[in-house]
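Following: one structure in C-alpha cells, then a few remarks.
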Amino acid sequence: RNNAPPRLYAGLDYIDVGVPLPGDALVAIEGGTVGESFAMGEDVDLFVPSQQVAVFHVRDSGKQQLDPWYLNAWLATE
C-alpha cells in the first residue's frame, strides 16, 4: 500500500500453499484495510497473500462464471 519493500520474504518454493491466480478476487477480512478488494489480473506477479485475505476463486471447471473485476467493483461500493 505504501510502496515500501517487504520486510520479510519467502520464495514460493519455500511456502506450500496455494497462490491467487488471474481471475481470482481477494478481499481483506481483518485489520485496517478490511473490506478492500483486489482483482488478480494477468499482469500481476504470483504472491502468497496474508492470512487476513480471503481469496475467491471465481472459476468453475475452467469456465469463468463471474467477472472478478465486476466482483471487485461491487465489493468496493458503499
Side-chain angles (χ1 to χ4, degrees):
R1 288 179 42 95
N2 62 5
N3 293 327
R7 287 180 269 169
L8 300 173
Y9 175 79
L12 293 176
D13 54 341
Y14 179 77
I15 300 174
D16 187 26
V17 296
V19 296
L21 300 172
D24 290 348
L26 288 72
V27 180
I29 57 173
E30 294 180 26
T33 59
V34 68
E36 289 190 17
S37 58
F38 177 75
M40 284 290 294
E42 295 286 339
D43 58 339
V44 178
D45 292 334
L46 293 179
F47 65 95
V48 176
S50 162
Q51 65 187 15
Q52 297 176 329
V53 172
V55 178
F56 292 90
H57 299 287
V58 291
R59 294 178 303 278
D60 181 23
S61 302
K63 190 174 179 184
Q64 195 166 349
Q65 301 294 312
L66 178 64
D67 185 338
W69 297 100
Y70 175 84
L71 178 60
N72 185 48
W74 184 81
L75 290 168
T77 60
E78 293 284 327

Which residues pass the side-chain contact (heavy atoms from CB on, under 4.5 Å) test with E30, not counting sequence neighbours? Q52
With side chains defined as the heavy atoms from C-beta onward, is the minimum distance between V55 and V27 less than 4.5 Å? no
Listed by chain and number, what are the side-chain contact (heavy atoms from CB on, under 4.5 Å) partners of A54, not counting sequence neighbours? I29, F56
If you look only at distance, which donor and acceptor atoms sit under 3.5 Å apart when one is on a side chain in residues 37-44 and the other is two or more places apart or in another chain?
residue: S37; atom: OG; partner: N72; partner atom: O; Å: 3.2
residue: S37; atom: OG; partner: N72; partner atom: OD1; Å: 2.3

Closest non-hydrogen atom pair, L26 against F47: CD2-CZ, 3.8 Å
